[in-house]
Amino acid sequence: MSRLTPIERYRNIGIAAHIDAGKTTTTERILYYTGVSHHLGEVHEGTAVMDWMEQEQERGITITAAATTCFWKEHRINILDTPGHVDFTIEVERSLRVLDGVVVVLCAAGGVESQSETVWRQADKYRVPRIVFVNKMDRAGADFPRVAEMLRERLGARPIPIQLPIGGEGQFQGVVDLISGQARVWDEASLGARYEIVGVPEELRGPAGRAREAMLEALAEADEIFCDAYLAGAEPQEAQIRAALRRATLALRAVPVLCGSAFRNKGVQLLLDAVVHYLPSPADLPPYLGRGLEGEALEPRRARDDEPFAALAFKVMNDPYVGQLTFFRVYSGTLQAGAYVLNPRSHKKERIGRVLEMHANERRELEAVFTGDIAAAVGLKNTVTGDTLCDPGTPVVLETMEFPEPVISVAVEPRTQADQDRLGVSLGKIAAEDPSFQIRVDAETGQTVISGMGELHLEIIVDRLMREFKVAANVGKPTVAYRETVTVAARAEGRFQRQSGGRGQYGHVVLQVEPCPGAEPLEFVNAVVGGAIPKEYLPAVRCGLEEGVDRGVLAGYPMLGLRVTLVDGSFDPVDSSEMAFKIAATQGFREAARQARPQLLEPVMEVEVVTPEAFLGEVIADLRARRGKVAEMEQRVGSRVVQVEVPLASMFGYATDLRSRTQGRASFTMQFGAYRPVPENLLEQLGAQAR
């Protein structure tokens, strides 16, 4: 089977933004105008194609990243529609790892919101080129220039608006294309499928001329080639402007900004044109770097079909019909269905049983996939998120992903013996899908404890247990993932000695523990001089320290922000062993940590509340009662935005409380900020609770 679409015409993009900015609605319109769907799916009606899970349809939010493929002007566009809720930010993280470009959707009234900033930072981390679609231009308070300014101020971006809205709020009709100098007005009777190209309205000719000049000046600053032509005084041609804008976007020196209203079916076709014009194909990306099985650097490989096969598994999903699906992005080479691939992490070969092209939860079987493709494989048993899949003859390990630590936990107990048997298997399947979800069995109580990124995250998982896996379970109250640290330096000795005839055990270490902000969770320094402790025992010492760090000395919580220095020690040529040094290190660490004034830390969340002005005082009073510290307040049309830092322990049940206080008119988002010391007046209570 040969490639149908040249790689230069591939676009692997994600749709990402803050919750309720209109990502899924924008994706639904893209599918409609490209002919993939023959009806307009609506999020609020539960008919959106990309929100296929029952939980998504009921709540009107995106929970899992859904993949689909469409074609526009002879270009193949692979799309991942990602969640906006911060509890599911892992879906955005792993999607951005494998995408070449991102469409960031912003609300024209809300502008750059908290999760928009998170998405932007994630895209910066993976150096993904972006274009911005300012959606909801028909909403009250829509302000296109203000959103562009927020991109510059809050995100440090260089936005280049390439359109100007015609009308605003309820009178929004279309846009002026600043590059071609023409206006587009959409036909509402055709559900936006048709638009008319007209001249720029008389009242907008002055503003459009100034906006075009500002666009050209910004582009000259972002692209040297265009700058030379612009300074020469010649009137730039449309093709020159588009080429310069593409170069600047791919080099992350500029962000094209467009506007429209996806719900009102206006502006989506021009957004598709911008995806084709300004976002990269796999061939535009620099050669990717990988490492060998032993960690050695390899020669860079280009995105070509004739290179050895290499792909990254970025998502695992349980399908009720075909079993485990492994989503992967092909970085080089080709793969036939039925072929064998190597997983370097497990050092095992796996057979690709079937290869599927996904359209939300629908699937189409493929004979082969090529460089740049995003597909799903059936039959991989030992592959998890972040694993590399490669040609067994030329192994390579690609850069993997980092996953956030859970901040909230609940205990789950099966209701019957039959549920007991299914619970472990079901939770294991969910954990394989979601790296930000963790399971453990409490050693003292024997309870199964599940941990995630927020209340909604765990609520969805428990809902899936009951519906999808048919496991009835009782759920305990949420608990907070506290941490411990030390505040001063302290030194202690750890000695483990059993020498009473015959082969004994002997290990002796002298350790210094001190605070080291930023160490996650432990920085180990070996300062032993001479041969006081042979090198072969150092891994055992570190292992003992890690065991000590896992259960802190104050309330049994894991510790972080530590530097532990191995200062001195001794060994016995006959009786010393790795086990003896491990035990000695654990004992010495715990003694030193007790002397270093240990401190309990709690997760503090960054909360953004959007509330009508009339309820502002009551909302702020409630947040302060929850130990919140107001960081910033912002005025928006008809509402106030409050940025506040609140301990997670005080935020349980806040969604219900906020709705009751504001007649259901306020909303909030919450994401992890940092660990901060617990106030003295709460320390004793929390320590007793932990024990």
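Each residue takes its place number in the sequence, starting with 1.
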Under 3.5 Å, side-chain donor or acceptor atoms of residues 386-399 against the rest of the protein: list the pairs with distances, not counting sequence neighbours.
| residue | atom | partner | partner atom | Å |
| --- | --- | --- | --- | --- |
| Asp387 | OD1 | Arg345 | NE | 2.8 |
| Asp387 | OD2 | Asn343 | ND2 | 2.9 |
| Asp387 | OD2 | Arg345 | NE | 2.9 |
| Asp387 | OD2 | Arg345 | NH2 | 3.0 |
| Asp387 | OD2 | Val384 | N | 3.1 |
| Thr388 | OG1 | Leu398 | N | 2.9 |
| Asp391 | OD1 | Gly393 | N | 2.9 |

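- Listed by chain and residue number, Glu591 satisfy the salt bridge (Lys or Arg N to Asp or Glu O under 4.0 Å) test with Arg594 (two or more places apart in sequence, or in another chain).
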Which atom pairs, donor and acceptor, lie under 3.5 Å between side-chain atoms of residues 538-549 and protein residues at least two apart or in another chain?
| residue | atom | partner | partner atom | Å |
| --- | --- | --- | --- | --- |
| Arg542 | NE | Glu546 | OE2 | 3.2 |
| Glu547 | OE2 | Lys582 | NZ | 2.8 |

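- In terms of the salt bridge (Lys or Arg N to Asp or Glu O under 4.0 Å) criterion, residue partners of Arg676 (sequence neighbours excluded) are, by chain and number, Glu645.
- For the salt bridge (Lys or Arg N to Asp or Glu O under 4.0 Å) test, no residue two or more places apart in sequence or in another chain qualifies with Arg291.
- Residue pairs that meet the salt bridge (charged side-chain N to carboxylate O under 4.0 Å, His left out) test with at least one member in residues 526-535, sequence neighbours left out, do not exist here.
- Listed by chain and number, the residues in a side-chain hydrogen bond (donor to acceptor under 3.5 Å, both in side chains) with Lys629 amount to none (sequence neighbours excluded).
- Scored by the ring-ring contact (aromatic ring centres under 6.0 Å, His included) test, Tyr537 finds Phe581 as partners (sequence neighbours excluded).
- The ring-ring contact (aromatic ring centres under 6.0 Å, His included) test applied to Tyr654 returns Phe668, not counting sequence neighbours.
- With sequence neighbours excluded, no residue satisfies salt bridge (Lys or Arg N to Asp or Glu O under 4.0 Å) with Glu307.
- Every ring-ring contact (aromatic ring centres under 6.0 Å, His included) that Tyr331 has, sequence neighbours left out, goes to Tyr288.
- When the ring-ring contact (aromatic ring centres under 6.0 Å, His included) test is applied to Phe437, no partner is found at least two apart in sequence or on another chain.
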